[in-house]
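The analysis underlying the following values was restricted to heavy atoms, covering all of them including side chains, and did not include hydrogens, waters or symmetry mates.
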Amino acid sequence: MADLSNLAGLVSEPSGEIDSSVSSVSNRSLRLAEKEKRKGVADPFGLAVKYLSRVEAGTVVRGNDELERNMVRVETVALSKGLPPEVITVLLDLALSLNAGTANCTRVLKFLLPATVVPQEAIVKGVSWLCVGKMPMNAQVLFVRWVLTVFDLIDCKDDLRSIYGFIFSFVTEENLFPFICHLLYLLTMREHGELLTKWFNFLSVNGRQPYLTQLLALYKVFRPDLVTLSLPSRVRTGFKNHNSTWKVALCAVQRKNKSAVLVDQSLSLDVKEKPSSRKRVRCHLSIPPLSSAFDSNSNKKVFRLQELRSFKELLENIHNIELPAQMGSLLGSALALHYLDCVQDESAFLRLNFWLGHSLQEEFLLCPVDGSSDNTSEAWRFLSTILFTQQFLQEGFSSTESFLYKFLRVWDGCLLRPQILDLLSDIPLMPSFCECPNYLCCNQRNSRNTISQDLLFFPCSVIECLNSMLVKWLTWHSVSASEGGLDISLNSNSTITMTLSGFMDSVMELVRFVGLLASEGLRLENCHVLLLNQTLAFYETVCDMFLKYSLPLIIMPPAGVFYPALFATDSISVDRLGYIMFRYRKNLTLAKKQEQQREQTFHISRNTYKEFNRNLQAMVNSMWNSWWCSPGSDIEIDKDLIALSKVAEPWCRFDLIHHPALFSYAIEFHQRCWPERKNVDLGSIKTGKYWNWYMEFLFNQGFDGLNNFIQTNTGHGSTLINSLVFLFL
């Protein structure tokens, strides 16, 4: 019995162990269940997404508190942090399937803000829901607008391009037509040209709407044989933005998350607010990173631009390189710009101009004023990048030109002035250039009314800008002239041409505008030396247009520029005027010679010769003949008025000895020649050999311009005092 009891005891022990094991497993399950419960309470967003993913068709929406509670949770997170890709897919399917009703469809689309990227398959599935035709038209329009807003956040677009034909079929919908054209413009590639024949039906019904013309311009680049319609050479921006709510929310989400994937701000428009001042500050301007338009698993044999590491790789793969999904990303890569410059792909330039046009006009012009220095520095970097690109390609973009014509109307003359004026100097020659001077004059007045210390530097900056613009115009003309063509191509990526006479009229208009601006500025600023030298730098370009740039046009500086330079108190201005007059004589002499030999079609006006002779006579009489106010000249002054000044020998006060700009050199020469004299007699310099010594001393100071002028026009070395040589008509 004892053994049995012992056996029973032995048997009972494992039974207790089993009971305790079962109990521990049960407790662990309870702990896990409690943990999951606490986790669910701690993560209401996850539970809300899970609930919304299970909403089926026919679900009661009105009075459904649970549905509303979960929608609010997801909406709050979306507006504050953005939504991950998998949640975007779930919510987009919920909205477009109308399982939660039509009202919730538009509600979900409005807060569908991605935190990082948008899955391509979500968009493709959305297009399939669009094809079903269940959604009301306002929901369809809202969906396409949302796709346009997040287009550059889509992780890949090869599958989206594969359903190009399905998207194309929606152009028959009147309400969707503008937005579908915009989406097609972003997706179109060369192989899509086969659909062109269908567009002519839409043209007959809808006419030449801006958005349709914009898309046809892209098609014409790919298939010029099919698009036989004449389109304007410069198509204005045809796609308007209506996505202000999404844009503001996306900016907030992207900046808060500091995502590596930047939203393309060019595809959305900020809320227009009435500005409190004319100074505009931007919301968000950045160059998007290079990203592929195809999936890495795609069968297309392409070499992606972001994979380039050297110029050698560019040359080896130049025929297989794939353009990025966002053309604006080309601006941030030197190798990409090399590729763009080499291939001269018209479609690439067209798409890049489209991106720049939206970024500059919509984001730079139409944005609220917040006075943030960060926004100003951001805009400075953005415009500097555009300037670098234009200098690299050696030509400007038509989109920046269009932007400037609009921006100059509201510019205060101070905001980002160096970048704005540098962009202005890159504007190609166009008949519409006449608008720019008027805006610049308005901006000069605005600058005068706002910032007193900026009165001088604004006209100096403008004249420097216009000088750079003129040099670029003349250089472009000289290239066209060397090719033997009378018509001047204004841009390598444009078919616009201008006749030589039209080009000369535009150059004449620019030079005359600068003459008026400089004359008025010198009058207001009391002939300030900085403004005077900037003006003379401009006329150093003008005086050599015939010899240096082969342009048969010679324009003399106005009296408001010539005489302040002639009577300037600084020697640099006088020397530069001497160089300018020397070069004018060279150009006029050659023009006269060619006219006599009948080698020139265009003739220099007789008034130009007369004006040059008049200026030449005034300068020689003042500096060489010691008679600065000869009768009949532009500066004739009444003798009684001169007598009131009580200046001894007033007629010789602007010769090479007594001229205010050269007086110190005459004093120094006198001291070297007669160191023992206590009284200074500058008249002794003109006697005998001292005059030639003085001239040699003066020219050794670096006055090459005066040296050339005097030797050419007075025959220095001759004893004849009146050795002035005129250009006879």
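Between Q390 and E395, the closest side-chain pair of non-hydrogen atoms is not below 4.5 Å. W473 has its side chain within reach of L510: a pair of non-hydrogen atoms, C-beta onward, lies under 4.5 Å apart. Inter-residue side-chain proximity for R614 and Q617 is flagged as unmet; no heavy-atom pair is nearer than 4.5 Å. Residues Y405 and I427 meet the side-chain proximity criterion, which asks for heavy atoms closer than 4.5 Å. When side chains are defined from C-beta on, F538 counts as touching V542, because their heavy atoms get closer than 4.5 Å. The closest side-chain heavy-atom distance from F709 to R585 is not below 4.5 Å. When side chains are defined from C-beta on, V462 does not count as touching V514, because their heavy atoms never get closer than 4.5 Å. A 4.5 Å side-chain heavy-atom check between I657 and Y694 finds at least one atom pair inside the cut-off.
The shortest non-hydrogen separation linking A559 to P564 is O-CD, 3.5 Å. When all heavy atoms of L532 and S573 are compared, the closest pair comes out as CD2-OG, 3.5 Å. Considering every non-hydrogen atom in both L536 and I580, the closest pair reads O-CD1, 3.5 Å. Scanning both residues, S384 and Q419, for their nearest heavy atoms gives OG-NE2, 3.9 Å. For the residue pair L616 and M581, the shortest heavy atom distance occurs at N-CE, 3.8 Å. Closest of all the heavy-atom pairs between F546 and Q594 is CZ-OE1, 3.5 Å.
Ion pairing between D544 and K586 fails under the 4.0 Å rule for side-chain N and carboxylate O.
Between C465 and the options L424, L423, I420, a side-chain contact (heavy atoms from CB on, under 4.5 Å) holds for only L424. With respect to L531, the side-chain contact (heavy atoms from CB on, under 4.5 Å) criterion is satisfied by exactly one of V529, T535, N533: T535.
Rounding to the nearest 0.5 Å gives a distance of 5.0 Å between OG1 of T389 and CG of L337. To the nearest 0.5 angstrom, L466 atom CG is 10.5 Å from Q534 atom CD. How far CG of L530 is from CD of E525: 10.0 Å, rounded to the nearest 0.5 Å.
Around CD of E668, the count of heavy atoms belonging to other residues, nucleotides or ligands within 6.0 Å exceeds 12. The local environment of CD1 in I572 is sparse, with at most 12 non-hydrogen atoms from other residues, nucleotides or ligands closer than 6.0 Å. Other residues, nucleotides and ligands contribute over 12 non-hydrogen atoms within 6.0 Å of the CZ atom of R677. The local environment of NZ in K472 is crowded, with over 12 non-hydrogen atoms from other residues, nucleotides or ligands closer than 6.0 Å.
Among residues two or more places apart in sequence or in another chain, the side chain to side chain contact (heavy atoms under 4.5 Å, CB included) test is passed with I667 by F663, Q671, V680, L682. Scored by the side chain to side chain donor-acceptor pair (under 3.5 Å) test, E540 finds R576 as partners (sequence neighbours excluded). Take D422 and apply the salt bridge (charged side-chain N to carboxylate O under 4.0 Å, His left out) test, not counting sequence neighbours, and it matches no residue. Contacts of R523 classified as salt bridge (charged side-chain N to carboxylate O under 4.0 Å, His left out), with partners at least two apart in sequence or in another chain: E520. In this structure, the ring pair (Phe, Tyr, Trp, His ring centres under 6.0 Å) partners of F697, at least two apart in sequence or on a different chain, are F669. Every residue was checked against the ring pair (Phe, Tyr, Trp, His ring centres under 6.0 Å) condition with H528, not counting sequence neighbours, and none meets it.
With no hydrogens or angles considered, a side-chain donor-acceptor pair links N707 and Q711 at under 3.5 Å. In the model, H338 has no side-chain atom that pairs as donor or acceptor with a side-chain atom of D341 under 3.5 Å.
A donor-acceptor distance shorter than 3.5 angstrom exists from the side chain of N587 to the backbone of C543, with no hydrogens or angles considered. S519 places no side-chain N or O within donor-acceptor distance of the main-chain N or O of L516, the cut-off being under 3.5 Å. S468 places no side-chain N or O within donor-acceptor distance of the main-chain N or O of E464, the cut-off being under 3.5 Å. Distance alone, capped at 3.5 Å, is enough to place a donor-acceptor pair between the D575 side chain and the G705 backbone. S622 contributes no side-chain N or O that, together with a main-chain N or O of M619, makes up a donor-acceptor pair within less than 3.5 Å. Put simply, the side chain of D505 never gets that close to the backbone of M508: no donor and acceptor are under 3.5 Å apart. Panel note: side chain N353, backbone F349; a donor-acceptor pair is recorded below 3.5 Å. Using a distance-only test at 3.5 Å, with no hydrogens or angles considered, no donor-acceptor pair links the side chain of Y609 to the main chain of I604. A donor-acceptor pair under 3.5 Å links the side-chain atoms of N700 to the main chain of E696, judged by distance alone. S359 places no side-chain N or O within donor-acceptor distance of the main-chain N or O of L356, the cut-off being under 3.5 Å.
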message: Could you walk me through whether S333 and Y339 satisfy the side-chain contact (heavy atoms from CB on, under 4.5 Å) test, starting with their C-alpha distance in whole Å, then the side-chain angles of each, then the deciding distance to 0.1 Å, before giving a yes or no?
response: CA-CA 10 Å; S333 170; Y339 171 74; over 6 Å; no
query: Do M469 and D426 pass the side-chain contact (heavy atoms from CB on, under 4.5 Å) test, and can you show the C-alpha distance, the side-chain angles, and the key distance before you say yes or no?
result: CA-CA 6 Å; M469 176 189 293; D426 286 335; over 6 Å; no
Trace of the side-chain contact (heavy atoms from CB on, under 4.5 Å) decision for L393 with L340: CA-CA 9 Å; L393 299 175; L340 190 65; 4.2 Å; yes
task: Please report the C-alpha distance between L331 and F388 in whole Å, then the side-chain angles of each, then the deciding distance to 0.1 Å, and finally whether the side-chain contact (heavy atoms from CB on, under 4.5 Å) criterion is met.
output: CA-CA 9 Å; L331 303 181; F388 168 78; over 6 Å; no
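For W476 and Y549, the ring centers are positioned 6.0 Å apart or more. For an aromatic pair to be called close, the ring centres must be under 6.0 Å apart, and F699 with F703 fails this.
Using a 30° and 60° split on the angle between ring planes, F503 and H477 fall in the parallel class, below 30°. Between W674 and H670, the ring-plane angle classifies as tilted under the 30° and 60° cut-offs.
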